[in-house]
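Predicted model only: the values in this text are computed from it and were never measured.
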Amino acid sequence: MRNEPGKSYSNGVLNSTFIVPCAASANESYSQHPPVTRGNGVGFSQDCWEDLIMGLLCVNCGSPVIALYIQYSPGNIRLTKCAKCKAVADEYIECEMMILLIDLILHKTKAYRHLFFNMPHLNKYELQGLVWKAAFLFLLLDACRQLVLDPSKMHSELSRSPASLLVAVGKLMFSIVLSNVVFFSTLLLATKSFRNKQETSQSRNMEICMAVLFSSYFKIFMTVMMVWDFPSSAVFIIDVFVLSSNAVAVNVVTNATTFKSVGVSFIGHFAKFLIDYMYFRSGLLRMHL
């Protein structure tokens, strides 16, 4: 490899002190000297680093890293190592998606760090649209949960007029939205006790909410229970898996201890359970009256 001016080399390998012009400001330099790309696969200069440095983490120790890999040419990359723990910063870059899914199910913190911090930079997602879709799916799966726990309620409404069915669906969605508002509000209030006061409250709240949304993937098994007959106790087993997954997500995003993360998740889910229970009891009372 030919050494070029403005770049620092050590044994033929680029150091982290190199400077690469941005495409927007130096198109001519790109054509003459194609840059070695780092991090998310696009060349960037010192001025372009700030947005990426805030998101990229070592999946092993959670320390910030400048880049996840160095790309010398298309198909020729080298994974970077963390300066703190000396391990590969993110080995999931070269892993299949199935490996990541298995590690997420096993509640490995490094898989959650890759999902929340590094993956958005490696894959250019439209984050706003993805969050809205995840929120809609989250509420829809909660509706499936309610129907699994009390299927007779909707069956009785189906035998009536379409207007009564719409009223029943509206009441169901209202209870689901209310319970989730209580859930997220309780969760955010509980995490405030151990969060850094210097952090931007709104951005941190959004990060926690997104982490909880994406870590509730176990709810997808509610759709299976809508098709096949399962005992109602299976719903609570799924709830336990969702709670534990949310606890890992809170732990990864806030860097809290495991005890605090589990406690916060339990408080949020308990508040949601109380709202669901009160709605369920009020429905039973109306049926008896």
Just wondering, do [Y] and [X] contact through their side chains at under 4.5 Å, heavy atoms?
X      : Y      : result
Leu79  : Ile93  : yes
Phe221 : Leu141 : no
Cys82  : Cys61  : yes
Asn180 : Lys272 : yes
Val59  : Lys108 : no
Leu188 : Cys209 : yes
Lys260 : Thr254 : no
Arg78  : Tyr72  : yes

Under 4.5 Å between side-chain heavy atoms, hopping through other hydrophobics if needed: is there a path connecting [X] to [Y]?
X      : Y      : answer
Leu101 : Leu115 : yes
Ile238 : Val262 : no
Val224 : Val242 : yes
Leu100 : Ile220 : yes

State, without any angle test, whether Ser245 and His107 hold a side-chain donor-acceptor pair at a distance under 3.5 Å. no

Have Tyr112 and Asp103 got a donor and an acceptor in their side chains that come within less than 3.5 Å? no

Drop me the distance from [X]'s [atom1] to [Y]'s [atom2], to the nearest 0.5 angstrom.
X      : Y      : atom1 : atom2 : result
Phe270 : Ile275 : CZ    : CD1   : 11.0 Å
Met222 : Cys144 : CE    : SG    : 8.5 Å
Leu137 : Phe214 : CG    : CZ    : 10.5 Å
Leu189 : Ile267 : CG    : CD1   : 10.5 Å

Mind checking salt bridge (charged side-chain N to carboxylate O under 4.0 Å, His left out) for [X] and listing every partner two or more places apart, or none if nothing turns up?
X      : answer
Arg145 : Asp239, Asp276
Lys219 : Asp142
Lys81  : none
Glu94  : none

Would Lys110 and Tyr92 count as a side chain to side chain contact (heavy atoms under 4.5 Å, CB included) if you check the C-alpha gap in whole Å, the side-chain angles of each, and the deciding distance to 0.1 Å? CA-CA 9 Å; Lys110 60 181 183 179; Tyr92 289 105; 3.5 Å; yes

How far apart are the closest heavy atoms of Met225 and Pro231, and which atoms are they? CE-O, 3.8 Å

Please tabulate, for side-chain N and O atoms in residues 246-253, each donor-acceptor pair with protein atoms closer than 3.5 Å (sequence neighbours left out).
from, atom 1, to, atom 2, distance (Å)
Asn246, OD1, His269, NE2, 2.9
Asn246, ND2, Val212, O, 3.4
Asn246, ND2, Ser215, OG, 2.7
Asn246, ND2, Ser216, OG, 3.3
Asn251, ND2, Ala256, O, 2.5

Residues in ring pair (Phe, Tyr, Trp, His ring centres under 6.0 Å) contact with [X], at least two apart in sequence or another chain:
X      : answer
Phe218 : Phe241
Phe138 : Phe184
Tyr217 : none

With sequence neighbours left out, write down each residue that passes side-chain contact (heavy atoms from CB on, under 4.5 Å) with Ala135, or none if nothing qualifies. Leu213

Sorted by chain and residue number, the side chain to side chain donor-acceptor pair (under 3.5 Å) partners of Ser175 (sequence neighbours excluded) come out as none

Of all residues at least two apart in sequence or in a different chain, which pass the side chain to side chain donor-acceptor pair (under 3.5 Å) check with Ser265? none

Between Thr80 (side chain only) and Ala67 (backbone N and O only), is there a donor and an acceptor less than 3.5 Å apart? yes

Are any side-chain N or O atoms of Asn118 and backbone N or O atoms of Asp90, one a donor and one an acceptor, separated by less than 3.5 Å? no

Other cluster members, Phe136 - Ile/Leu/Val/Met/Phe/Trp/Tyr, side-chain contacts below 4.5 Å: Leu140

